[in-house]
Structure formats: C-alpha cells, structure tokens
Amino acid sequence: MSDSTLPLSSNFIRNIIAEDIQANKYNKRVHTRFPPEPNGYLHIGHAKSICLNFGLAAEFGGLCNLRFDDTNPTKEEVEYVESIKEDVRWLGFDWDDRLYYASDYFEQLYRYAIQLIKTGNAYVCDLSPDEMRGYRGTLTKPGENSPYRNRSVEENLDLFERMRAGEFEEGSRTLRAKIDMASGNLNMRDPVIYRILKATHHRTGDKWCIYPMYDFAHCISDSIEGITHSICTLEFEDHRPLYDWFLDELNVYHPQQIEFTRLNLSYTVLSKRKLIELVAGGYVTGWDDPRMPTISGLRRRGFTPESIRNFCERIGVARRESMVDMALLEHCLREDLNKHALRVMAVLRPLMVVIDNYPEDQVEELCAINNPEDLEMGTRKVPFSRILYIEQDDFREDPPKQFFRLAPGREVRLRYAYFIKCIRVVKDDRTGEVIELHCTYDPKTRGGDAPDRRKVKATLHWVSAAHALEAEVRLYDNLFIKADPNEGEEGQDFKSYLNPNSLGILKSCRVEPSLAGALPGSNYQFERQGYFCVDPDSTSHKLVFNRAVSLRDTWAKIEKKQIQ
RNA sequence: UGGGGAGUCGUUCAGCGGCAGGACAGCAGACUCUGGAUCUGCUUACAGGGGUUCGAAUCCUCUCUCCCCAGCCA
C-alpha cells in the first residue's frame with residue numbers, strides 16, 4: 001500500500017498501539033482483524049474499518065485477518081461473502097492465508113460454553129423471548145433472576161447437549177451467562193450466549209441447530225486468532241465488559257477491544273438496514289448502483305481504491321460522532337484522477353458548428369496531450385473536419401457578463417485545433433432554439449497558438465461530427481437532498497428525502513474516436529467537464545459512461561451568483 | 001430518571017500544562033491552450049461557570065447539550 005504522499009496524522013488508536021509496542025505488550029505483536037457479517041454489501045463506512053485494521057497492521061509490521069462473523073444463518077449468504085472478499089481485495093488489501101469464519105470455531109465455541117456451565121457461569125433458561133424481556137427490567141429498573149438460574153450443572157449440561165441435538169423447539173430455550181441481573185449495563189443482565197435456530201447455515205449446513213451470539217463468539221474468535229487490538233465501532237462500547245468477562249472467566253488469551261466512531265457521510269445513508277431497503281424497494285438498481293455508497297457502487301461510479309484509501313486516512317479516527325462532508329470524498333477522487341486519468345474530449349449536449357471556410361473534404365489529425373499533469377502519458381491524434389460539435393453550454397447568443405465562451409462575433413479557441421469566430425446563428429423557426437452555428441477559422445492558429453500572439457478568453461472542447469462516437473452518459477447527483485437523511489422531521493422516513501434528480505441520462509453524446517473499445521471500469525477526464533468511467537453496460541456498439549465527479553466549475557458558481 | 005460515551009474553525013482531525021494547527025469547504029488574487037490543475041493570501045473555533053497554576057483546550061469541579069444501550073441481530 002503506497003499512500004505515501006499523505007503524511008499520517010496521529011490518532012488515538014495509532015497512539016495506543018505505539019504505546020503497547022513501547023511497553024512490550026503482546027510481545028510487540030500487532031494483529032488486527034476485519035470482521036464483517038456476510039449479511040449485506042460493504043460500504044464506505046466499512047472501508048474506513050478495513051483501512052484502519054489492515055493499515056495499522058501493515059504500518060506496525062503486523063497482520064490483519066479477514067474473518068466472517070457468521071453466527072446468524074438466517075441473515076447470511078454466500079453472495080455476500082464473495083462480494084466482501086472482492087471488495088476488500090479491490091481496495092488493495094490482502095489477508096494472505098488468514099481467511100477465517102466464526103463458524104470455523106463452532107465446535108470450540110460449544111466446548112467453551114460447556115466450560116462456562118461447568119464453572120457455574122452459564123445456565124439453560126426456559127424463558128420465552130417475551131418473558132425474558134420482562135425479567136430484564138428497564139434502563140432504570142434492575143432485572144430479576146430467571147427462575148431457571150439455579151439449575152444444577154448436571155441439568156444444564158444435559159439440557160444444553162439436548163439443545164444441540166435438536167430436541168427442543170426454536171426459541172424455547174437459551175443458554176445464558178450468569179452475571180448480574182441488576183447491572184446498570186443491560187448487556188450484563190445474564191445475556192443469551194446460545195439460541196436455537198433451525199436454519200441452514202451457508203457453510204455448516206444443517207450440522208448445527210444452536211448458534212452462538214455475537215458477544216460470545218466474537219471475543220473468543222479474537223482470542224483464538226491471537227488478535228491484539230480488536231477494533232470496533234462505538235456502539236459496542238457497552239459490550240466491552242462482556243467481552244472481557246467471557247475471556248476472563250474462560251481464562252484464555254485476552255485481546256483488547258478499542259472502539260472508534262463510525263463514519264457518517266453527508267447526503268447518503270450508511271446503515272446496512274437502510275441500504276438493503278433501497279435495494280429491495282427498487283429505489284436504486286442494485287447494490288452496485290453508482291449512487292450507492294457501497295464499495296461496489298463507488299467502484300462502478302468510477303472511484304479508485306487509492307482515492308478511497310486516501311479519504312479514509314484523511315477523515316481520521318476519533319471517538320466523537322461526526323458527519324464527514326461528501327465534498328471531501330469527491331476531492332480525494334479528483335486529486336487521484338487529476339494525476340492519473342487520460343484526458344479526452346466529449347460533447348455531452350451537442351451543438352453543430354460548421355466551419356464555413358474550412359475545405360469540405362479535408363480531415364486533419366491534430367495532436368492532443370493525454371495528460372498535462374503527466375507528460376509521460378503521451379499524446380494522441382484527434383480528427384478535425386468542417387463539421388464539428390461543441391457543447392450547447394459553450395455558446396450564448398446573448399452572453400451574460402463574465403461569460404467568456406462563444407457568442408456571435410466572438411473568437412475562441414478549439415482545444416488543440418484552431419481559433420474560430422462565430423459569424424452566423426441558425427435557429428429553429430418555430431422554437432427559436434439555436435440548432436447550428438456557422439464559424440470561420442484562422443488557418444494560422446493551427447494547434448491552438450496564434451502567431452500574432454492574440455489572445456482568446458476561452459478554450460472549448462469539441463469533436464468532429466463525422467468521426468465522433470455516439471455515447472450514453474449518466475450523470476449522478478447526491479442520492480438524498482438532505483445532508484442528514486436520518487434526521488427527519490416529524491414522522492418523515494429517510495426515503496422521503498431521496499433526490500428525484502440523482503440520475504440524469506444523456507443519450508446522444510458524442511465522444512472522440514480514441515474512445516472506441518474503451519473497457520468497462522476505465523477512467524477518463526472529459527476535458528472541462530469531469531471524470532467519467534466506462535460502465536459495465538457499455539458495449540462495442542454503444543459506449544456508456546458514468547460521471548464519477550465533475551470538475552470544479554467556477555463559471556457555474558459565478559452564474560449561480562448572477563441569478564441570485 | 002440506570003449504565004456507558006462525546007463536546008476544538010462552516011465540516012473534520014490534531015494539539016495532552018507554554019504563541020490553538022492541518023485538511024475539506026468558503027472568499028480574494030496570480031497563472032493557465034481545461035473557467036481544470038497549480039500557487040499565494042484571507043476569514044472563522046477550545047459548550048458554559050467556578051477553581052488550581054506564573055501560565056489551562058489540556059488538571060480539578062459543577063452545569064449544559066448531544067450520542068449509544070431494554071434482539072434469542074451484529
């Protein structure tokens with residue numbers, strides 16, 4: 001991983017690890033893990049965790065495991081396992097041979113449960129879910145002991161074994177830790193550690209009908225794998241005493257849990273439940289819809305792993321709740337693509353331009369620079385001819401103040417080509433719409449430089465009508481119109497803040513011929529417009545591009561101010 | 001109202017007893033064959049009150065505000 005350009009800023013987890021190494025804790029070892037539940041696709045919030053865990057391990061010469069927290073067969077699927085592996089790899093991280101599943105430890109977990117029973121620290125409880133809720137008490141009222149709390153070790157052992165054997169109905173019994181029903185921390189009020197679930201597990205099939213709960217499985221999995229720093233999000237803070245309790249009672253190797261705040265990004269949602277809702281409800285086309293904050297969505301949109309890694313480093317790691325500005329993510333993408341993306345010319349909303357004094361059958365091949373930020377990326381030829389397309393936005397019949405582009409009688413430069421001057425405007429008789437421009441060109445400005453050193457105030461992109469390729473371009477905007485869609489007014493669901501204009505499709509764009517055969521996933525800068533990525537829907541007959549992010553647009557800003 | 005956390009520029013992250021700093025955003029300017037990029041400059045913050053100290057964002061104390069927890073989810 002070489003995000004070498006970005007200086008690492010200090011954060012509290014980095015500091016803890018550095019101190020632990022100083023103090024020779026864990027023998028100077030650093031071993032982290034990324035523990036997703038395979039019940040959905042990964043999103044940018046997970047990327048933060050991935051970068052943290054894999055990044056910290058790499059930084060301190062340690063290791064990071066990929067471990068699936070697959071203890072709930074009713075929600076988990078192989079499809080998710082596969083997508084998660086793909087996404088982590090795509091982000092640029094490698095778990096080598098350390099791919100684990102909590103389900104790998106089911107037998108061992110079961111034996112640890114028996115150990116807890118034997119030491120009097122766990123019991124089989126016959127309370128129904130409703131009853132258990134009653135006994136649990138409330139936030140301010142202590143709970144009451146379950147009537148089954150004092151069963152003998154022998155009875156517990158027998159019952160637990162029969163739970164495993166499938167003798168009891170789903171939901172009829174649980175194995176519970178015997179801790180403290182009066183604890184102020186609800187997680188310590190005799191939490192369930194095993195429940196009966198007669199469901200087929202995506203890896204263990206029907207071998208089990210009892211499954212361990214997160215709190216029990218997670219700390220032990222960490223322990224088994226020799227994890228040193230078990231990094232998770234803030235909502236698990238209340239679970240830490242339980243994490244510690246299990247490992248202490250079991251008297252096994254004990255990693256430390258460290259919590260940090262989850263990522264919130266403006267104008268989107270980052271909760272699996274809500275993302276599933278968007279997919280299932282058809283509000284987006286799928287998990288990889290380019291508007292989704294999922295890794296697969298961002299990838300399809302045109303984000304690069306490098307830009308996401310940089311973003312994750314820049315947002316830092318802290319314990320306070322925050323909402324990161326989407327503009328920062330976009331900035332990180334622009335920063336990366338500015339250095340690496342090939343420049344091409346593409347006209348999104350074509351306006352025909354006829355160069356009246358240009359020879360009818362002539363075609364010239366003009367030289368264009370592939371990336372002014374990196375001359376080693378070379379040059380290419382772009383065909384120029386008498387009939388061209390320019391952007392509709394680049395012409396105004398009645399130009400407002402500070403509008404530098406083409407207007408009647410005005411001269412501008414066509415990028416890498418010639419200076420042209422607009423001499424006539426052709427309009428649709430009925431609608432008054434400008435449908436065609438007639439211009440003259442100055443042959444002496446070939447390549448874009450005027451020998452007499454005269455200046456023009458604008459340089460426009462263009463394509464040759466006869467040579468251009470047709471393309472579809474999909475323009476994206478924020479998925480939500482509200483910075484924090486979760487923070488709804490009275491009874492408003494987050495979906496009521498969906499942006500109706502989050503997708504705009506342009507079907508008759510014209511792009512320069514060098515784009516023929518462009519491969520899905522490749523990024524380009526359409527000069528003066530933004531960064532675009534070839535969509536998987538693209539075919540050799542019809543190119544399809546997604547706009548990942550626009551270029552900063554100073555004119556748009558000026559114009560907006562003028563309107564106000 | 002039980003338990004656990006958190007409050008530093010508009011946003012975000014640093015600073016851990018000695019001049020409050022970076023990034024993003026914003027504003028202004030320079031430069032430019034992308035109104036891009038780049039460069040320069042500017043504006044703006046320690047939740048509040050007491051205390052300790054030569055000196056407090058930092059230590060103590062009280063208050064206020066916000067977040068999480070009552071799944072046989074993770």
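Side chains are part of it too, since the values below use all heavy atoms of this structure and drop only hydrogens, waters and symmetry mates. Here is how names work: the chains are called A, B, and so on, in the same order as the sequence lines, proteins then strands, and each is numbered from 1.
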Atom pairs, protein N/O to nucleotides 63-65 of chain B N/O, distance under 3.5 Å:
none

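- More than 12 heavy atoms of other shown residues, nucleotides or ligands fall within 6.0 angstrom of atom CD in A:Q562.
- Contacts of A:F403 with the nucleic acid, taken as non-hydrogen atoms under 4.0 Å apart, include base atoms.
- Both tests do not hold together for A:R176 against A:Y123: distance to the six-membered ring centre under 6.0 Å, angle to the ring axis within 45°.
- Annotation: A:Y101 is in aromatic contact with A:F68 [ring centroid separation under 6.0 Å].
- For the pair A:R262 (side chain) and A:L270 (backbone), a donor-acceptor distance under 3.5 Å is present.
- In this structure, A:M188 places its CE atom 12 Å from C1' of B:G4, rounding to the nearest Å.
- In this structure, CD of A:Q562 is placed 16 Å from P of B:G35, rounded to the nearest angstrom.
- Listed pair A:R136 / B:G71 meets the phosphate criterion, a side-chain N or O lying under 4.0 Å from OP1 or OP2.
- Residue A:N371 is tested with A:Q525, A:H340, A:K339, A:R343 for a side chain to side chain donor-acceptor pair (under 3.5 Å); the sole match is A:R343.
- The nucleotide whose nearest atom lies closest to any side-chain atom of A:R528 is, among B:C13, B:G36, B:G35, B:G35.
- Heavy-atom distances to RNA chain B give each of A:Y531 and A:M213 a nearest nucleotide, and the one nearer the 5′ end belongs to A:Y531.
- Each of A:S172 and A:I315 was assigned the nucleotide of RNA chain B with the nearest heavy atom; the assignment lying further toward the 5' end belongs to A:I315.
- The ring of A:Y112 has its center no closer than 6.0 angstrom to the ring center of A:Y105.
- For A:E365, the CD atom counts as densely surrounded, since its 6.0 Å shell holds more than 12 non-hydrogen atoms of other residues, nucleotides or ligands.
- Applying the side chain to side chain contact (heavy atoms under 4.5 Å, CB included) test between A:F532 and each of A:V511, A:L515, A:L348 identifies A:L348 as the sole match.
- Within 4.0 Å (heavy atoms only), A:V317 reaches sugar-phosphate atoms of the nucleic acid but no base atom.
- Taking only side-chain nitrogens and oxygens, A:S322 comes nearer than 4.0 Å to OP1 or OP2 of B:C13.
- Looking at A:R320, its side chain has no donor and acceptor atom pair within 3.5 Å of the base of B:G5.
- Of the candidates B:A37, B:U34, B:G35, B:G35 carries the atom nearest the A:W555 side chain, counting heavy atoms from C-beta on.
- B:C59 is paired with B:G51 under the criterion used here, namely a Watson-Crick or G-U wobble arrangement in which both key atom distances are under 3.5 Å.
- When heavy atoms are screened at a 4.0 angstrom cut-off, A:L414 is found touching no nucleic acid atom at all.
- Taking 3.5 Å as the limit, the base of B:U34 and the side chain of A:Q525 contain a donor-acceptor pair of atoms between them.
- Here B:U65 sits opposite B:A6 as a Watson-Crick or G-U wobble pair (both hydrogen-bonding atom distances under 3.5 Å).
- Nucleic acid contact for A:F236: base, since at least one base atom lies under 4.0 Å from a heavy atom of the residue.
- A parallel orientation is assigned to the rings of A:Y110 and A:F160, their planes being inclined by less than 30° (bins at 30° and 60°).
- In this structure, A:R189 does not reach the B:G3 phosphate: none of its side-chain N or O atoms is under 4.0 Å from OP1 or OP2.
- In this structure, A:R189 contributes its side chain and A:S183 its backbone to a donor-acceptor pair below 3.5 Å.
- Base orientation at B:G22 is anti, since its O4'-C1' glycosidic dihedral falls outside 90° of 0.
- Using a 4.0 Å heavy-atom distance criterion, A:R405 is classed as a base contact.
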Protein-nucleic acid N or O pairs under 3.5 Å, nucleotides 41-48 of chain B:
none

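- The aromatic rings of A:W462 and A:F384 sit perpendicular, their planes meeting at an angle over 60°, well past the 30° parallel limit.
- As rounded to whole Å, 18 Å separates atom P of B:U1 from atom NZ of A:K141.
- Residue contacts shown for A:N11 are limited to sugar-phosphate atoms, with no base heavy atom under 4.0 Å away.
- Looking at heavy-atom distances under 4.0 Å, A:E373 makes contact with a base.
- Using a 4.0 Å heavy-atom cutoff across all strands shown, A:S128 reaches at least one base atom of the nucleic acid.
- Across the protein-nucleic acid pair, A:Q257 atom CD and B:C68 atom C1' stand 14 Å apart, rounded to whole Å.
- Across the strands present, B:A20 finds no partner; the criterion is a Watson-Crick or G-U wobble pair with both atom distances under 3.5 angstrom.
- Across all strands shown, A:R343 has heavy atoms under 4.0 Å from base atoms, whether or not it also approaches the sugar-phosphate.
- Among the heavy atoms of the strands, none lies under 4.0 Å from A:L265.
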What string of B, S and - do you get for nucleotides 24-30 of chain B, 5' to 3', when a contact is any protein heavy atom under 4.0 Å?
SSSS---

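- In this structure, OH of A:Y214 is placed 14 Å from C1' of B:C69, rounded to the nearest angstrom.
- Regarding A:F532, its CZ atom lies at a distance of 13 Å from the C1' atom of B:G36, rounded to whole Å.
- Remark: of the listed residues A:L234, A:T233, A:N11, A:T233 is the sole one forming a side chain to side chain contact (heavy atoms under 4.5 Å, CB included) with A:F260.
- A:Y80 has its ring centre less than 6.0 Å from the ring centre of A:Y41.
- Within the 4.0 angstrom heavy-atom criterion, base atoms lie near A:H239.
- At a threshold of 4.0 angstrom between heavy atoms, the contacts of A:D238 include nucleobase atoms, whether or not backbone atoms are also involved.
- Using a 4.0 Å heavy-atom distance criterion, A:P372 is classed as a base contact.
- Of the residues A:R33, A:E225, A:Q257, the one that meets the side chain to side chain donor-acceptor pair (under 3.5 Å) test with A:S230 is A:R33.
- Of the candidates B:G4, B:C72, B:A14, the closest approach to any side-chain atom of A:S10 belongs to B:A14.
- Taking atom CG of A:L197 as the reference point, atom P of B:A74 lies 9 Å away to the nearest angstrom.
- Residue A:T554 places at least one side-chain N or O under 4.0 Å from the OP1 or OP2 atom of B:G36.
- Among the atoms of the strands shown, none is found under 4.0 Å from any heavy atom of A:E170.
- Closest approach to the A:N15 side chain among B:G5, B:U34, B:G15 is made by B:G15 (side chain taken as heavy atoms from C-beta onward).
- Taking the six-membered ring for Trp, A:H239 and A:Y243 have ring centres at least 6.0 Å apart.
- The NZ atom of A:K455 sits 11 Å away from the C1' atom of B:C31 (whole-angstrom rounding).
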Carefully, step by step, assess A:S103 and A:R203 under the rule side-chain hydrogen bond (donor to acceptor under 3.5 Å, both in side chains).
CA-CA 7 Å; A:S103 55; A:R203 294 191 77 240; 3.2 Å; yes

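- B:C27 is paired with B:G41 under the Watson-Crick or G-U wobble criterion, all donor-acceptor distances under 3.5 Å.
- For A:R415, counting side-chain heavy atoms from C-beta on, the closest listed nucleotide (B:C72, B:U34, B:A37) is B:U34.
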